[in-house]
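Nothing fancy with the numbering, it's 1 onward along the sequence. Heavy atoms only: backbone and side chains are in, while hydrogens, waters and symmetry mates are out.
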Amino acid sequence: MHISYNWLKQFIKLDITPEETSEILTDLGLEVEGITQYESLKGGLRGVVVGHVLSCSKHPNADKLNVTKVDLGTGEPVQIVCGAPNVAAGQKVPVATIGTELYDAEGNAFQIKKGKIRGEDSFGMICSAVELGIGTDGSGILVLDESIAPGTPAATIFNITTDQVFEIGLTPNRSDAMSHWGVARDLRAGLLQNPKIETPHKELITPAVSKFKVERRTLKMDVIVDDYKKAPRYCGVTISGIEVKSSPEWLQNRLKAIGITPKNNIVDVTNYVLHDLGQPLHAFDAAKIKGSKVIVKTVAEGTKFVTLDGVERTLHQDDLMICDENGPMCIAGVFGGLKSAVSENTTTIFLESAYFNPVSVRKTAKRHSLNTDSSFRFERGIDPSITEYALKHAALLIQSVAGGEITSDIVDLYPKRVEDHSVFLNFNNINRILGEDISKETIKTILVSLDIKVHSMSDVGLGITVPAYRADVTREIDVIEEILRVYGYNNISFSSKLNATISNSSRTEDHRVQNIIANQLVAQGFHEIMNNSLTTPEYSNLTESINKSYQVDIVNPLSADLSVMRQSLLFGGLESISYNINRKNSDLRLFEFGKTYHKMLNNFEENKHFALFVTGNSAPASWNSQQKPSDFFEFKGYILSILSRLGLTKFTTQPTENDAFSEGITYFVGKEAIVDFGVLKKAITKQFDIKQEVSYADFKWDAILKLVSSKIKFTDLNKFPTVKRDYALLLDEKVTFDEIFNIVKQVDKAIIKDVTLFDVYQGDKIEDGKKSYAISILMEDSTKTLTESQIEKIMGKIQYQLENNIGAQLR
């Protein structure tokens, strides 16, 4: 949100700098994320001064150039070569001195430098209106009033407006601060609590509306509100005899400073009041309101309506509309309609000021994917007490910039007042929560500075009334938070001793295990990702492993792409991969811990998962090594290293049933599946514009946590030597290494420590349907050195089991 420093000073007298102001606002919770300078003319004419042309003569080497002597008020005249046909001695002219930066029509800067033109020195430039950027006449230099003294800065003559604009990171709960008035209210409270600032900065200066009066009652509008729940308060007034034209410079500069493009004086006033007081307004061309009747109601489902942007929208039956006898004119609180809009031919307007239900406006805005300054404020809750006041303020401003007369009484339909919040504030609770004793008088002063009324006081606490515009302050704890932010977080003292309690809860254990695996993966070159739990329902069409009937729908989604809770971590990961690949980062190792969400009958389930993604090359290109794409077996190694670190070394395998994989494996511990992994189908990765192979693993984290033990087992290092023997086996091509591994291990579990595969061959020298495996068998005995006879006996048993169980032949 943009807040103008000059604009703030209309509400509160400030003699502190913008930087000091930003510090106070940040301490109050209105964090100033940056300060930018606004200039009504780029460059602000810095370096441009008034010069007095003392003499003017023809250039000796150029017929169309003149050599002038110009007094710049510094005592010593300077020579300037000028090509303008109208330059003459005795003139007062704008001069861009050496080092001045001017800007062309495209906003590009060019610097004035000392130069030599056709052999004559030139120390500056006498400027035209075009060169200064203040007009369109470039036929000659700009001649100024003779009374202006030489050396006078040009910025003071042309009323160049400068301003400092705060970029405030406004939190969603602070609807009261969505205007310059709201920020000024907070600033006043902060100044009252700041002992370094003198006391004159106390009272807010609010716009006066005492001059509002009805000149003639010649254009009455009948206003009917059908749904007071959606429109608790509705005000309006007519203004006749206006002239729609460009706004005066002061109004345009106010809007430009905060990033709003001026349109015309009527629209600009409504935008001004919105950012001034926080009250959205809308002006209708009164001549286009059929039947002189304004009806606030909903319309039939499917009604077509063209908004100001020229888009035809299909209305919902719950959309609140501002209508005339012929139909809708405006989406209430969101966006105006094209047919009733103010144009250059408009002479009479109906000016609307209302308080619309925040929930109703939010739902309508989301349905139509509209986000306007008006809806932004109505959605969060504006001040219902200033509806009429803001209308009068706007009407007076319109009269001042567009002329006209007030031609009707104000219609103010407000059958049920929005009440302020009553809260009892306990002194003990304040001191207990803040951790510091704050005097009762200080507490009372802070509350009053925030427009919170104290209507009773006792030794126990205060009975207070919070204004309705503070929609975020409804409970005692909310009030205590208000006291703290105004008192100052930095003013709370802290003990030098810190006490902490360590819990042994399952959540803590889960976090510990996650950190163990995360640290291991980071050491292997992985990066952790965290994706949105909201996703699009369209992803359920990519795989049968996601059941649409289990889908958890969002009642009021931000958009169609974020309308359901995710049932898998897969698609968020693929979005991250696609994002990186599109930015030339294609070698990726990613992991994510997260939850999936499912609707089961009438209940909802959350399941913890851990996802792993690998794509691209396994190592960067180097002069001494070739790039190698990551493959299934490298990925399998990462899976096994994770399970090994978790102590899960005994599991069974079978081909995965998940149709997202082109090839994949599922690991089981008992009957519990703990991980699915493999290479994703190209049909899925193609949907994310990923053209390279992606390996993906889905760990069932809830199941893994049940199996992980916190007990650590260890044994002494073996004192006796290990023995390694190799076998080259001729096998049927359907035999897997997993089968070989299990057969060999079963021969003697105590002696045989490991079985590894170090070579695979299929080719011309082996018959069709066969393959060659070279395996290495590691043996050791923890009690003695193995003898050759023992080794031969074990190897004989291994050979026998391999031949009889899988038909293996020694090569």
Side-chain angles (χ1 to χ4, degrees), residues 514-532 535-536 538-539 542-543 545-546 561 566 568-594 596 609-646 653 655-656 658-667 674-701 737 757-758 760:
Q514 285 187 32
N515 279 344
I516 289 171
I517 299 305
N519 289 336
Q520 175 176 315
L521 289 172
V522 169
Q524 293 175 323
F526 280 78
H527 292 87
E528 185 171 8
I529 57 176
M530 288 184 285
N531 287 305
N532 200 336
T535 187
T536 172
E538 298 301 319
Y539 288 155
L542 300 180
T543 172
S545 63
I546 295 181
D561 290 338
R566 65 184 177 189
S568 171
L569 304 187
L570 169 60
F571 304 113
L574 290 177
E575 287 176 350
S576 297
I577 290 172
S578 177
Y579 183 89
N580 277 272
I581 290 175
N582 289 338
R583 285 154 183 80
K584 306 302 181 183
N585 183 23
S586 57
D587 301 333
L588 300 167
R589 292 176 176 81
L590 308 174
F591 69 93
E592 179 179 11
F593 291 94
T596 60
H609 287 258
F610 166 50
L612 211 65
F613 300 87
V614 171
T615 187
N617 295 310
S618 58
S622 176
W623 65 272
N624 62 353
S625 63
Q626 293 183 344
Q627 278 190 339
K628 179 187 174 185
S630 300
D631 57 23
F632 175 83
F633 296 103
E634 177 191 340
F635 189 63
K636 181 180 177 183
Y638 292 131
I639 306 299
L640 293 174
S641 68
I642 292 170
L643 295 177
S644 175
R645 185 67 183 85
L646 292 169
T653 67
T656 185
N658 191 329
D659 68 333
F661 297 106
S662 59
E663 54 179 321
I665 297 173
T666 302
Y667 284 169
I674 57 172
V675 60
D676 283 334
F677 68 95
V679 178
L680 291 171
K681 286 181 177 178
K682 291 183 179 180
I684 291 179
T685 56
K686 183 180 179 181
Q687 298 297 318
F688 296 84
D689 199 26
I690 300 172
K691 299 175 182 178
Q692 59 196 50
E693 188 176 273
V694 178
S695 297
Y696 165 66
D698 177 21
F699 289 81
K700 280 62 175 177
W701 196 247
F737 173 70
L757 176 67
F758 65 86
V760 179

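The closest side-chain heavy-atom distance from Phe526 to Gln520 is not below 4.5 Å. For the pair Glu693 and Phe635, the minimum side-chain heavy-atom distance is 4.5 Å or more. Taking 4.5 Å as the limit, some side-chain heavy atom of Phe688 sits within range of a side-chain heavy atom of Leu542. Counting only heavy atoms from C-beta outward, the side chains of Lys681 and Asp659 approach each other to under 4.5 Å. Between Thr685 and Tyr696 there is no side-chain heavy-atom pair separated by less than 4.5 Å. Proximity of Thr543 to Asn658: side-chain heavy atoms (C-beta onward) are separated by under 4.5 Å at one or more points. By the 4.5 Å heavy-atom criterion applied to side chains, Leu612 and Leu521 are counted as neighbours. Within the 4.5 Å cutoff, the side chain of Phe737 has no heavy atoms near those of the Val760 side chain.
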(request) Show the numbers, then the answer: is there a side-chain contact (heavy atoms from CB on, under 4.5 Å) between Ile690 and Leu680? (result) CA-CA 11 Å; Ile690 300 172; Leu680 291 171; over 6 Å; no
(request) Assess whether ring-ring contact (aromatic ring centres under 6.0 Å, His included) is satisfied between Phe632 and Phe661, documenting all intermediate values. (result) CA-CA 12 Å; Phe632 175 83; Phe661 297 106; 9.3 Å; no
(message) Pair Phe699, Ile639 - check side-chain contact (heavy atoms from CB on, under 4.5 Å), show working.
(response) CA-CA 9 Å; Phe699 289 81; Ile639 306 299; 3.8 Å; yes
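The distance from atom CG of Asp698 to atom OG1 of Thr596, rounded to the nearest 0.5 Å, is 8.0 Å. Note that the OH atom of Tyr667 and the CG atom of Asp676 stand 11.5 Å from one another [nearest 0.5 Å]. Ile529 contributes atom CD1, which lies 10.0 Å from atom CD of Glu575 (distance to the nearest 0.5 angstrom). Within the model, atoms NZ of Lys636 and OG1 of Thr653 stand 7.0 Å from one another, a figure rounded to the nearest 0.5 Å. Here the CZ atom belonging to Arg566 is positioned 14.5 Å from the OG1 atom belonging to Thr536, to the nearest 0.5 angstrom. With rounding to the nearest 0.5 angstrom, the CD1 atom of Ile665 is 8.5 Å from the CD atom of Glu663.
A search for side chain to side chain contact (heavy atoms under 4.5 Å, CB included) contacts involving Ser630 returns Arg589, Val614, Ser618, Glu634, not counting sequence neighbours.
Of the candidates Val522, Ile642, Leu569, Val522 is the only one forming a side-chain contact (heavy atoms from CB on, under 4.5 Å) with Phe591.
Aromatic pair Phe677/Tyr638: centroids not less than 6.0 angstrom apart.
Judged by distance alone, with hydrogens and angles left aside, the side-chain atoms of Asp587 form a donor-acceptor pair with the main-chain N or O of Asn617 at under 3.5 Å. Distance alone, capped at 3.5 Å, is enough to place a donor-acceptor pair between the Gln692 side chain and the Ser586 backbone.
Contact record, Ser576 with Leu590: CB-CD1, 4.5 Å, taken as the closest heavy-atom pair.
Side-chain contact annotation: Asp689 with Ser578, donor-acceptor N/O pair under 3.5 Å absent. Glu592 and Asn531 are linked by a side-chain donor-acceptor pair at a separation below 3.5 angstrom, with hydrogens and angles left out of the test.
By the 30° and 60° cut-offs, the orientation of the rings of Phe571 relative to Tyr539 is parallel.
No more than 12 heavy-atom neighbours from other residues, nucleotides or ligands sit within 6.0 angstrom of CZ on Phe633.
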